[in-house]
Peer 1: 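My questions all concern the structure below.
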Amino acid sequence: MSERLEEIRQNLADVHTRIATACSRAGRSAAEVTLVAVTKTRPADDVRALAQLGVGDIGENRDQEAAAKAAECADLDVRWHFVGQLQTRKARSVARYAYMVHSVDRPRLIGALGRGARDAHRTVRCLVQVNLDPPGISGELATRGGVPPTEAVKLADKVVEEEGLELAGVMAVASRQGDPEAGFAVLADAAAAVRERYPQADVVSAGMSGDLELAVAHGATHLRIGAALLGDRAPIVG
Ligand SMILES: *Cc1c(COP(=O)(O)O)cnc(C)c1O
């Protein structure tokens, strides 16, 4: 086994242990939780290693990088999750390879993703991104993307109306402001409101390397884990 594969294997085992412990504390089954390995900034070989270790869900946050990696890994049986802020002009490209887009947060993006999906004869699953910042946060401190929790159902309606898209649930990134626990509780409420109208839209994408336990306690079904699996990323320059 190569050194890198061995390193990822160990990290994956640790993450699975954390998920199992969190599920057991929350009285949930680990089978309810899907691990999405976030491979941004990492080479396609890491995706290969993850696939070899049984991880079938891969997350990326930039179209250019994701499209290239998806093409390089076309022989693998993995599903691509787009988890980052998505520009409308990139929607067409993303619709060609994404199994699920986690960051749907405006009507124009829904239209563009729908057109891209129809042209590619695909169905793209969509999560409505909910912004968890407490009121009054702006500038550097603000989380990018997401609708206010009270508008999640309205945007979910738009996804449902768009041919080529399938509403799958909600997603959020924890706010750097305020109590994270309160934030995840707000997300759980938004998820319930969407599910009340669309029972099949049961995905709750929340939780990253640092807060997966809290996310599981608040009902997350999809965890987006990067650093805990693949190591710390180099800081983004420029
Ligand atoms: C990078 C990223 C993650 C993974 O974060 P880690 O802290 O590396 O686990 C999850 N979600 C989104 C939207 C990301 O951009």
Side-chain angles (χ1 to χ4, degrees), residues 4 7-8 10-19 22 33-44 46-47 49-50 53 55-67 69-70 78-87 90-91 94 98-106 109 113 124-133 140-147 152 168-177 180 183-184 187 190-191 203-237:
R4 180 62 174 156
E7 185 183 350
I8 296 174
Q10 184 57 56
N11 289 345
L12 180 62
D14 292 346
V15 166
H16 277 316
T17 301
R18 283 177 65 188
I19 295 172
V33 174
T34 299
L35 170 65
V36 179
V38 179
T39 53
K40 64 190 183 199
T41 79
R42 301 291 179 183
D46 277 7
V47 179
L50 286 160
L53 296 166
V55 177
D57 291 275
I58 303 294
E60 286 283 338
N61 74 336
R62 287 180 55 245
D63 170 56
Q64 214 178 354
E65 181 181 345
K69 243 178 260 181
V78 298
R79 308 191 283 201
W80 296 88
H81 295 250
F82 194 89
V83 303
Q85 279 305 102
L86 179 52
Q87 293 170 282
K90 306 277 192 190
V94 170
Y99 165 77
M100 189 180 280
V101 175
H102 291 225
S103 45
V104 173
D105 64 357
R106 56 197 192 279
L109 179 58
L113 278 170
V124 176
R125 289 156 194 79
C126 292
L127 305 182
V128 170
Q129 183 176 350
V130 176
N131 189 297
L132 299 182
D133 285 343
E140 284 290 287
L141 295 175
T143 308
R144 271 186 291 167
V147 294
V170 298
M171 173 271 205
V173 177
S175 174
R176 282 165 291 179
Q177 302 300 307
F184 282 134
L187 178 64
V203 170
V204 181
S205 167
M208 318 201 320
S209 294
D211 59 11
L212 75 83
E213 285 81 4
L214 207 51
V216 166
H218 287 276
T221 65
H222 285 57
L223 305 172
R224 310 178 307 267
I225 309 293
L229 289 172
L230 303 172
D232 289 329
R233 288 174 297 275
I236 295 164
V237 179

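Since the structure is predicted, the reported quantities are computational estimates derived from the model, not experimental observations. Counting starts at 1 for both ligands and their atoms, in listed order. Any value given below was found using the heavy atoms of this structure, including those in side chains, with hydrogens, waters and symmetry copies removed.
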Peer 1: Considering only the protein, which heavy-atom contact is closest to atom 9 (O) of ligand 1, and what is its distance?
Peer 2: Ser209 OG, 2.5 Å
Peer 1: Would you mind checking which non-hydrogen protein atom is closest to atom 13 (C) of ligand 1, with the distance to 0.1 Å?
Peer 2: Val83 O, 3.3 Å
Peer 1: Distance under 4.0 Å to a non-hydrogen atom of Ala227: what atoms of ligand 1 satisfy this?
Peer 2: 6 (P), 8 (O), 9 (O)
Peer 1: For Arg224, take its heavy atoms, then give the atoms of ligand 1 lying under 4.0 Å from any of them.
Peer 2: 4 (C), 9 (O), 10 (C), 11 (N), 12 (C), 13 (C)
Peer 1: Report the nearest protein non-hydrogen atom to atom 5 (O) of ligand 1: residue, atom name, distance rounded to 0.1 Å.
Peer 2: Met208 CE, 3.7 Å
Peer 1: For the 3.5 Å polar cut-off, considering only N or O atoms, please tell me whether Gly226 and ligand 1 meet it.
Peer 2: yes
Peer 1: Is there a heavy atom in His102 that sits closer than 4.0 Å to ligand 1?
Peer 2: no
Peer 1: Tell me whether Arg144 at atom CZ has more than 12 heavy atoms from other residues, nucleotides or ligands lying less than 6.0 Å away.
Peer 2: no
Peer 1: Can a side-chain donor-acceptor contact be found between Ser175 and Asp133 if the only test is distance below 3.5 angstrom?
Peer 2: yes
Peer 1: Give me the residue, atom name and distance of the protein heavy atom closest to atom 14 (C) of ligand 1.
Peer 2: Lys40 NZ, 3.0 Å
Peer 1: CD of Glu60 to CD of Glu65: how many Å apart, nearest 0.5 Å?
Peer 2: 4.5 Å
Peer 1: Verify the distance criterion only: is there a donor paired with an acceptor across the side chains of Gln10 and Asp14 at less than 3.5 Å?
Peer 2: yes
Peer 1: Working to the nearest 0.5 Å, report the span between CG of Asn11 and OG of Ser209.
Peer 2: 9.5 Å
Peer 1: State the CG-CZ distance between Leu230 and Arg4, to the nearest 0.5 angstrom.
Peer 2: 5.5 Å
Peer 1: Can you name the one residue among Val15, Val33, Val36 that meets side chain to side chain contact (heavy atoms under 4.5 Å, CB included) with Leu223?
Peer 2: Val33
Peer 1: Distance under 4.0 Å to a non-hydrogen atom of Ile225: what atoms of ligand 1 satisfy this?
Peer 2: 9 (O)
